[in-house]
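Okay, structure first, notes after.
By convention in this document, chain letters (A, B, ...) are assigned in the order of the sequence lines, proteins followed by strands, and residues within each chain are numbered from 1.
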Protein chains: 2
Amino acid sequence: MAGKTVSLKVLAAHLGLTVSTVSRALNDYADISPVTRDRVRKAADELGYSANQNARRLSIGTPETVCYLMPRQIGANVQPFVAQLLAGLGEALNDRNWDLLVSQAETSVGDMTSIERLVRSGRVAGIVISRPLKNDPRIKLLQQLGCPFVVHGRTANSVDYAWYDVDGEDAFVTAINHLERLGHRRIGFIGAPLQYQFAQERLDGYTRGVAHNGLSQDPDLVQIAEFTDDGGTAAAGVLMDLPNPPTAIVCVSDMMALGALEALHARSLTPGEDVSVIGYDGLYFGKHANPPLTTLAQPQAHAGRRLGDILLSIIDGADPIKFQELQRAHLVQRMTDGPANVDAGQEDVSVREEPQ
Amino acid sequence: MAGKTVSLKVLAAHLGLTVSTVSRALNDYADISPVTRDRVRKAADELGYSANQNARRLSIGTPETVCYLMPRQIGANVQPFVAQLLAGLGEALNDRNWDLLVSQAETSVGDMTSIERLVRSGRVAGIVISRPLKNDPRIKLLQQLGCPFVVHGRTANSVDYAWYDVDGEDAFVTAINHLERLGHRRIGFIGAPLQYQFAQERLDGYTRGVAHNGLSQDPDLVQIAEFTDDGGTAAAGVLMDLPNPPTAIVCVSDMMALGALEALHARSLTPGEDVSVIGYDGLYFGKHANPPLTTLAQPQAHAGRRLGDILLSIIDGADPIKFQELQRAHLVQRMTDGPANVDAGQEDVSVREEPQ
DNA sequence: AAAACTTCCGAAACCGATTTCGGTTGCTTT
DNA sequence: AAAGCAACCGAAATCGGTTTCGGAAGTTTT
């Protein structure tokens, strides 16, 4: 049971049949008698036969494999969502016994050449890409190659391909509305470089929410920084050192929000009391932040599964533009949102509600 | 340039050569004249030819692919290290143009059958598995199958296969020594279920460190709980409600340590002052915990790269038992370790050193 | 100028499956 | 009993490459 790999040929010899008969028996062809079919099945089990996939896929003409293109690290950042996404993707593929390949390139031109090779060499039948740029060249390439794909996120012009995204703009409108109800009139925004579409969307949401509620549109309230916790710290520092600092800050990511909290601590301001902070991502760790971070959570577990299903549908011939799914983020209230404190910037801890 | 896939045959026809000549030209055979070689190369580029990998690998007899077996979620836990590990693995494989497959199974018997299929169907030339059980059946299976593999972590008996691990036992001795120097005499241990070998190792380190330093060996100081933050909270609760609670706690993971911090807060104890807490993993997020978590960090980025290199060496024929690499964890001091406070359990915030 | 080498390329087997097509059996029709 | 019809299986082509082997040119040796 250990030794040599058992091919269709040796299995056939073992049974006194030909390879074609054995193959058809294993693949449930109608012209094989039930008794030989069962006999073949049994022998295959005993000998531990499993069809060579390279041969099989060469023959049937599809690699039965899709590829997830891992996003490069942005900054020194980890990507905690990758594991969950892969789990969901794998689940969708497992139902068909397809394989999941992961690929990553150092550079963005590396991405381009590696996509082209993956497709041209017949290794993958479809590709999932994450976190596209505003105008992402990979999408045009995939379209030119005629390779089925689905995007986790969107680009600026997202009409002619399949994507699954969380509505960042809507989420930020929600956040602004929430803060407005808490009495905030000057709300700061900490953003990421606008080459990423998600960064633009969330800024759009902020802008719309602020305008819609008639809040301050002071351009100084918008701070773009490096997409890391340190970036968040720096941006929050700028905001709080403004002559007229905001009473609340929304951040494009939890990581940046965590950084922002540090800036508040450094100024002896209490998040959620002196200044409200809302992050984005719903990272589990935010629960243990100081204080626990209020955030806009996305249903990550679901994303992988859906991306897989969508991609398989497209490979099966469905029209890509039928798959443009927008999920809503939902507000997870923890401890960093609270009523506006108009004295922010001055120490005023008398309004704390928590006992002890 | 978009349309049909260009095979060796059409490339040969385009050039007026035979497939065998073209193939040998592309593979640098000596019996092809430099001029035709260059001519072939150029045409291949222009037509965007890329050898079909299923055909190629069938022919050369190796899948040129390795598989990473994703660990199942333990508890409701995320696995932030997976992305980094995959990045390192991919890097090692990229050097040879090999592919990286990821696979995951719901159950542990699912793991067994999926390993067997992956190997028997010739899809992978080697496998990486993470976080083995004390006595992990997957290892025996892989050995029986004759499939090259390397383990990220170790089992109880780890003499006859390749592994890469961080020395959890040594790390916990280090932690205990550190706490002893800070004056702690009663140190609690929050562990995970001992079916995982890493859980046993870290407990062993704790036991050895405590014995070596002549500290309290009260069995009540050892608490095993679910491998989640809530498990950590529960275990820390038990410890602190002891008649004679510890002045410090070491935890088998950062996640459990974060949970432990919650238990301390609930009792109005200040981590790092009233009770010291040391985690394990070096999660980046610990930096933003309340307060920032002191931890034993492991060099995760390195792990993937090494695992990939080791596996490739074994596939090349190297002896697996030559690759048994033990990395050291190092203490990252943040804010949750401090001098022993013998009044722990009673509220005493007068010794805080931090201003404001 | 014939023999002996090189140099370079084509023919064909092979990797391990799938799938079409055709040909035996054995059994039912008249 | 001859013809017709299922049911069942084998032969062979095919997928797209790699690799061995042999042979036709062109060059050098005698």
Side-chain angles (χ1 to χ4, degrees), chain A residues 4-41 43-44 47-65 97 99 117-125, chain B residues 4-41 43-44 47-65 97 99 117-125:
Chain A
K4 307 312 309 167
T5 69
V6 25
S7 70
L8 206 49
K9 183 151 55 177
V10 322
L11 179 56
H14 176 83
L15 284 163
L17 296 171
T18 56
V19 289
S20 71
T21 302
V22 175
S23 172
R24 294 206 311 283
L26 292 173
N27 289 320
D28 268 331
Y29 274 58
D31 64 348
I32 301 293
S33 75
V35 12
T36 50
R37 174 165 51 68
D38 294 344
R39 196 164 70 93
V40 169
R41 284 272 167 74
L47 274 69
Y49 170 79
S50 188
N52 181 298
Q53 294 297 323
N54 279 321
R56 180 166 167 278
R57 289 166 177 173
L58 167 61
S59 187
I60 64 180
T62 157
E64 292 187 333
T65 301
N97 263 308
D99 286 334
R117 271 220 311 268
L118 281 171
V119 175
R120 285 231 148 92
S121 66
R123 258 178 302 190
V124 300
Chain B
K4 307 310 311 165
T5 68
V6 25
S7 69
L8 205 51
K9 183 150 57 178
V10 321
L11 178 56
H14 177 83
L15 284 162
L17 295 172
T18 56
V19 288
S20 70
T21 301
V22 175
S23 171
R24 293 206 310 282
L26 293 173
N27 289 319
D28 268 330
Y29 275 57
D31 64 347
I32 301 293
S33 76
V35 9
T36 49
R37 173 164 51 70
D38 294 345
R39 195 163 70 94
V40 170
R41 283 273 167 75
L47 274 70
Y49 170 79
S50 188
N52 180 298
Q53 294 298 322
N54 280 320
R56 181 167 166 278
R57 288 165 178 174
L58 168 61
S59 187
I60 64 178
T62 156
E64 293 188 333
T65 301
N97 265 306
D99 285 334
R117 272 219 310 268
L118 282 170
V119 175
R120 285 232 148 92
S121 67
R123 259 179 300 190
V124 300

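By the salt bridge (Lys or Arg N to Asp or Glu O under 4.0 Å) test, B/Arg39 is found to be paired with no residue, residues two or more places apart in sequence or in another chain being considered. B/Ala12 meets the side chain to side chain contact (heavy atoms under 4.5 Å, CB included) test with B/Val19, B/Val22; sequence neighbours excluded. For A/Arg117, there are no salt bridge (Lys or Arg N to Asp or Glu O under 4.0 Å) partners at least two apart in sequence or on another chain. Legend: residues meeting side chain to side chain contact (heavy atoms under 4.5 Å, CB included) with A/Ser59, ordered by chain and number and at least two apart, are absent.
Sorted by first then second residue, the salt bridge (Lys or Arg N to Asp or Glu O under 4.0 Å) pairs that include residues 10-21 of chain B, not counting sequence neighbours, number zero. Each salt bridge (Lys or Arg N to Asp or Glu O under 4.0 Å) pair with one or both residues in residues 13-26 of chain A, not counting sequence neighbours, appears once here: A/Arg24-A/Asp31. The stretch residues 12-22 of chain A participates, sequence neighbours left out, in no salt bridge (Lys or Arg N to Asp or Glu O under 4.0 Å) pair at all. Applying the salt bridge (Lys or Arg N to Asp or Glu O under 4.0 Å) rule to pairs touching residues 49-61 of chain B yields B/Arg56-B/Glu64, B/Arg57-B/Glu64, B/Arg57-B/Asp99, sequence neighbours excluded.
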Subject >> Contact letters for nucleotides 22-27 of chain C, in which S counts primed atoms plus P, OP1 and OP2 and B counts the base, heavy atoms under 4.0 Å >> reply: ------
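For the helix from C/dA1-D/dT30 to C/dT30-D/dA1, the axis fitted to the five pairs at one end and the axis fitted to the five pairs at the other end meet at an angle of 60° (nearest 10 degrees).
Side-chain atoms of A/Ser23 and A/Ser20 include no donor-acceptor pair closer than 3.5 Å.
Proximity of A/Pro63 to A/Arg123: side-chain heavy atoms (C-beta onward) are nowhere separated by under 4.5 Å. Between A/Leu8 and A/Tyr49, some side-chain heavy-atom pair lies under the 4.5 Å cut-off.
Bracketed by its first and final contacts, the part of DNA chain D lying under 4.0 Å from non-hydrogen atoms of chain A reaches from D/dC8 to D/dG16 in 5' to 3' order.
A/Thr18 comes within 4.0 angstrom of a nucleotide base, judged by non-hydrogen atoms across all strands.
Per the geometry, CG belonging to B/Leu26 stands 15 Å off C1' belonging to C/dC9, to the nearest Å.
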Atom pairs under 3.5 Å: protein N/O with N/O of nucleotides 14-18 of chain C:
{"residue": "C/dG16", "atom": "N2", "partner": "A/Ala55", "partner atom": "O", "Å": "3.4"}
{"residue": "C/dA17", "atom": "OP1", "partner": "A/Tyr49", "partner atom": "OH", "Å": "3.2"}
{"residue": "C/dA17", "atom": "OP1", "partner": "A/Asn52", "partner atom": "N", "Å": "2.7"}
{"residue": "C/dA17", "atom": "OP2", "partner": "A/Leu8", "partner atom": "N", "Å": "2.4"}
{"residue": "C/dA17", "atom": "O5'", "partner": "A/Tyr49", "partner atom": "OH", "Å": "3.4"}
{"residue": "C/dT18", "atom": "OP1", "partner": "A/Asn27", "partner atom": "ND2", "Å": "3.3"}
{"residue": "C/dT18", "atom": "OP2", "partner": "A/Ser23", "partner atom": "OG", "Å": "2.5"}
{"residue": "C/dT18", "atom": "O4'", "partner": "A/Ser59", "partner atom": "OG", "Å": "2.7"}

Subject >> Stepwise side chain to side chain contact (heavy atoms under 4.5 Å, CB included) test for B/Leu15 and B/Val40 >> reply: CA-CA 7 Å; B/Leu15 284 162; B/Val40 170; 3.9 Å; yes
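Taking each heavy atom of B/Asn52 and B/Ala55 in turn, the nearest pair found is OD1-N, 2.9 Å.
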